[in-house]
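Working notes for the structure below.
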Amino acid sequence: MALIRGDAVESGAERRLLAEAEAALPTVLRDIRPGLLTGVSAVEQDGRRFFELDTTAGDRIELRLDTAALPQPQLARTFTNTTTDRYVVQLADTLRPELAGQVLSREVGELLAVRDRATVGARVPLDSLLAPGATLPAHPELSDADRGRAEEFNYLAARMNDADLGAAERLDARHRFSELVDESGLRPRAPVTDASHAIELYAADIRQDVVRPLLRAGAREAMAELARPVERLDAADARAVVEARATRAAEGAAPVVPPGFTMPGLRPDGSPVPRAELDRAAAEAAERRTSLSGRTLEELRARQAALPEGRHPQYELMIGGGAALAARSPDMLLVDARGRWHVDPIEAIVQSADQVRHLRQSGMGDPYQFADPQQRVPLPALQLWEDTAAVRGPLVDGRAELRVGAEGRLLAEISPADGSDPVTVEVKGSPLIATGIPPEIVPGADRQVPTVPEATEHLAEGLAALGVPEAAAARDRLLALPEGQDRAGAALAVLADAGVSDSLAASADPRVAGAMETLRATAAWEEARAAAPGRVLMGDEVGDGDYDPSVARDWVIAGVGGAAIANAEIILQARPDSRVFMVGKDAPFVLHNDAQYTALRVKHDAEYGGDGRLVTFSGRYLGAVGTVTAPDGRVRLAALDSAGRSLGVEGDAYVACLGRVSRLPHAVDSVESWARSAGGEVRGELRFDKDRQYLGYRLEFEAHGQRHACEVTGAASRMLPTHVFGREDTARLAVLNDKTTPPESGNVAAGFMATALQGSHLARHNAAEREHRQGPPPSGRPGGAVGSVGAAGAVGAAGAAGAAGPGDAQRAASAAARSRSAPRTTPGQNRPTPPGPAVPPPHLRNRPGPEPGRGRGPGA
């Protein structure tokens, strides 16, 4: 049976690629680290196929190989988890199988470099010295990626000298080695007659000096022979280099990237914020954001006052933010409630810096700036990154809901967080919605019919199908019940009064039974909240800090997943004498791989040697919440099974962390109601870029001959509303989510890193679409726009001292649009070397040159 992999059925080519990679792995390990391992064995366990690598130090490394759709020109990516020693290498599903060994050698070399560095707590070099187009820094050193490339040289050199291979295979390895030399800046590209040849030759010599200690004898010999100017190679080697260069040139220009912004985390002088200054920097960024929000509101109200009645200021709009701010265009008005990581009482995200190292690729932040490799990334870092990204254009701290106006225009009602009067804007184009994960489910509710409105809808259909007068009367009463708290209990009373409950229970439609289950569970939840005020909570209430830790000593947490363990940590930290009883089925595999779960259990779970303040009850299937009256008359809360029987776990407070409702974002509720109440349609479509990267989904609402659309991205796009999307799309996205964040990485698809990367893909896709529509910028435009836009993006939109206003942000946005084809600039990111005189750059002029006979090969 074919397996769905990404956006297509697994192909024979992918199976061949994986087979080739698995077959090559032992050879790769032998060639790049001959003294590292004592054994390599394939293991099938719980549906996972991986390799166990036993080291000479007595450690065991898990490595899983997979394929995935990757952004071009990426050939592979590696997820590193130095906390659990589990790693995943994903090969691009378009990779030619014969290249699997070479690409695998680089990825395995890189993950071993990450592992070696984390083991000794070494500093993380971020700039790649051997990357294509890299400039030579003042103090050259090798990044983890560079060390992977060094192992690629070792692998190719071993194949060049492998007598068991045919002559054609050895020659192919030689040509690949030489091509890699060219790509790594280890050979000058300019002709010897060119003025820049001397600079490139000098830089190549320095690179060779730095990488040589990582090369084994065969690779050093091959480097000495092949890392020469092309004019000094023999005819066959020179021809291969020229052909490889022509092939790369024919592949076309680099992908279009969105306007460049300086990566958040820099001080006004451009230097990185030190860890000791993180809290102050985050507070200053928050102040700039608050100030800009106030000025944006003033401008919105001023523009509104100048318009005729019934009209509103027009804006492109983004609702929600967080890590999805990587997708935000500075042309957009951002409306964001500043929730999640700004209010969560937890001290750090659950992943270590090593586990989210790919975050830098999104431009949202550098996790190593504020955390050591195996340390969890602190929340103030996320707040600093988000607030810096938020001030790149006009913004309002608050919430927004979409609606269709009387004239058919799409409007957004904005409720500012400062409590001032709401404002209305008219939405230009399709708004971007990134409001985060959907709400949590009530304990005991049916997962197919998880909410009271859905339950009411299905019960109304069931009552209509009964075809008797009392059922019709009950249906009318049911639909007339007001929205809000206690509706579930009122609905159950209506059905009981009409005497139709038994008839509904006999319905052949499983949704009717599910609807009744949801009503009973919700009614029990509402009754428990009324009986124990402040002590019956949704997990999000604890995660948002909207609870009082002093109301209870013993806490029952319904659920054993990621939200449950995060809330357990919050509660245990908030009150030193508190105890937490987690109850549920089984902790998901991903939880055992993050940097929080096991560490917290080791600290507090007696089963793991902890102090006993955390007790986990696994293998339990939970139903609705229960209440118990203690001897002193106080109401206690109990965990019940699906039949209403006690599971033997009670506490003074109860927190529900049982998963989430797959629904549309709240911001579009009114628009959905507009379409459905008129008998219109709501359609959804998954969106991908040209590299098959998932960008989110598009919604279209159609009624009265009018159509409105919006785009949903970020965590909100990782759970598809089942009444809009079918099973095929849901299954497809589940596979994509696992590819995006393999569970071994300790990440989830709705997490910070994955959301930021998705946002950066969306920004790049939108920039490419704009360029396609508008064409490339005319020649002769100022070339320094990227630097100025970077400054505006990082601090200029709000000003270094918070002086700029919304108009300034829009002018910065215009500059960004003009420079949309320029590369994104991030701190430490390598930039193309500008043309200059044929002498070493200033910081290298007094540096000793390479020793005679080194770096240029014999006769240099």
Side-chain angles (χ1 to χ4, degrees), residues 322 337-350 376 378-380 382-383 399 417 419 435-445 484-486 521-522 524-584 596-597 600 603-604 613-617 622 624-628 630 634-640 649-661 666 715:
R338 214 173 188 171
R340 191 63 177 116
W341 300 123
H342 282 80
V343 297
D344 198 317
I346 208 167
E347 295 178 354
I349 62 173
V350 303
R376 292 163 58 185
L379 251 58
L382 277 65
Q383 296 160 7
R399 301 182 183 275
T435 47
I437 47 181
E440 292 173 305
I441 194 169
V442 168
Q485 192 172 354
D486 299 327
T522 306
W525 180 258
E526 292 171 347
E527 290 170 5
R529 284 176 74 97
R535 295 189 285 126
V536 181
L537 305 163
M538 285 293 186
D540 285 342
E541 293 177 277
V542 175
D544 290 344
D546 190 18
Y547 86 114
D548 181 358
S550 68
V551 298
R553 177 175 180 267
D554 291 344
W555 295 74
V556 175
I557 294 185
V560 291
I565 197 72
N567 283 344
E569 182 178 74
I570 292 169
I571 291 167
L572 290 169
Q573 287 178 347
R575 179 171 168 172
D577 67 337
S578 62
R579 297 187 302 175
V580 170
F581 308 108
M582 290 198 313
V583 55
Q596 176 199 43
Y597 179 75
L600 188 69
K603 183 177 181 180
H604 293 301
R613 294 177 61 206
L614 174 63
V615 182
T616 302
F617 299 89
L622 285 158
V625 62
T627 57
V628 177
R634 180 178 172 86
V635 173
R636 285 172 59 83
L637 293 310
L640 308 179
V649 183
E650 296 180 7
D652 302 313
Y654 184 104
V655 183
C657 301
L658 290 171
R660 299 187 177 273
V661 177
H666 279 297

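As the structure is a computational prediction, the values presented were derived from the model and not from experiment.
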- Task: Might you work through the side-chain contact (heavy atoms from CB on, under 4.5 Å) test for Val628 and Val635, ending with a clear yes or no?
- Result: CA-CA 6 Å; Val628 177; Val635 173; over 6 Å; no

Within the structure provided, determine whether [X] and [Y] are in side-chain contact (heavy-atom separation under 4.5 Å).
X      : Y      : answer
Leu637 : Val556 : no
Leu382 : Ile349 : yes
Leu622 : Leu640 : no
Thr435 : Arg399 : no
Gln573 : Glu347 : yes
Leu379 : Ile346 : yes
Pro438 : His666 : no

- Task: Please identify each residue that fulfils ring pair (Phe, Tyr, Trp, His ring centres under 6.0 Å) with Phe581, with sequence neighbours left out.
- Result: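 Per chain and number, Phe581 pairs via ring pair (Phe, Tyr, Trp, His ring centres under 6.0 Å) with no residue.
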
- Message: Applying ring pair (Phe, Tyr, Trp, His ring centres under 6.0 Å), can you list everything that pairs with Tyr597, at least two apart in sequence or on another chain?
- Response: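 Result, ring pair (Phe, Tyr, Trp, His ring centres under 6.0 Å) vs Tyr597: His592.
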
- Point-to-point distance, once rounded to the nearest 0.5 Å, from CD of Glu526 to CG of Asp486: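 Between Glu526 CD and Asp486 CG, I get 5.0 Å after rounding to 0.5 Å.
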
- Message: Can you tell me how far apart CD1 (Ile557) and SG (Cys657) are? Round to the nearest 0.5 Å.
- Response: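 Answer for the CD1-SG pair, Ile557 versus Cys657, is 5.5 Å.
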
Would you say [X]'s side chain and [Y]'s backbone share a donor-acceptor pair under 3.5 angstrom?
X      : Y      : answer
Arg340 : Asp544 : no
Glu440 : Leu658 : no
Thr616 : Met582 : no

Specify the closest pair of heavy atoms between [X] and [Y], including all atoms of both residues, with the distance to one decimal.
X      : Y      : value
Ala624 : Ala521 : CB-CA, 4.2 Å
Trp555 : Ala653 : CE3-CB, 3.3 Å
Ala639 : Val583 : CB-CG1, 4.0 Å
Val560 : Gly584 : CG1-N, 3.7 Å
Pro439 : Asp540 : CA-OD2, 4.5 Å
Trp341 : Gln383 : O-NE2, 2.8 Å

- Query: Residues in salt bridge (Lys or Arg N to Asp or Glu O under 4.0 Å) with Arg529, at least two apart?
  - Reply: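 With neighbours one apart ignored, the set is Glu541.
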
- Message: Taking Asp652 first and then Arg553, would you say they form a salt bridge - that is, a charged N and a carboxylate O separated by under 4.0 Å?
- Response: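 No, Asp652 and Arg553 are not salt-bridged.
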
- Salt bridge check: are Asp548 and Arg575 linked by an N-O gap of less than 4.0 Å?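 Looking at Asp548 and Arg575, the cut-off is not met.
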
- Message: Using side-chain contact (heavy atoms from CB on, under 4.5 Å), reason through Tyr654 and Leu537 one step at a time and then give a plain yes or no.
- Response: CA-CA 6 Å; Tyr654 184 104; Leu537 305 163; over 6 Å; no

- Task: Please identify each residue that fulfils side-chain hydrogen bond (donor to acceptor under 3.5 Å, both in side chains) with Asp546, with sequence neighbours left out.
- Result: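 Residues passing side-chain hydrogen bond (donor to acceptor under 3.5 Å, both in side chains) with Asp546: none at all.
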
- Under the side-chain hydrogen bond (donor to acceptor under 3.5 Å, both in side chains) test, which residues partner Arg634, sequence neighbours left out?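 Applying side-chain hydrogen bond (donor to acceptor under 3.5 Å, both in side chains) to Arg634 gives none.
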
- Take Asp554 and Arg613, measure what salt bridge (Lys or Arg N to Asp or Glu O under 4.0 Å) needs, and give me the verdict at the end. CA-CA 9 Å; Asp554 291 344; Arg613 294 177 61 206; over 6 Å; no

Considering only distance and modelled atom types, tabulate donor-acceptor pairs under 3.5 Å from the side chains of residues 562-569, sequence neighbours left out.
unit_1: Asn567; atom_1: ND2; unit_2: Gly539; atom_2: O; d: 3.2
unit_1: Glu569; atom_1: OE1; unit_2: Arg376; atom_2: NH2; d: 3.1
unit_1: Glu569; atom_1: OE1; unit_2: Gln596; atom_2: NE2; d: 3.2
unit_1: Glu569; atom_1: OE2; unit_2: Arg376; atom_2: NH1; d: 2.9

- Query: Could you walk me through whether Ile571 and Tyr547 pass the side-chain contact (heavy atoms from CB on, under 4.5 Å) check?
  - Reply: CA-CA 10 Å; Ile571 291 167; Tyr547 86 114; 4.1 Å; yes

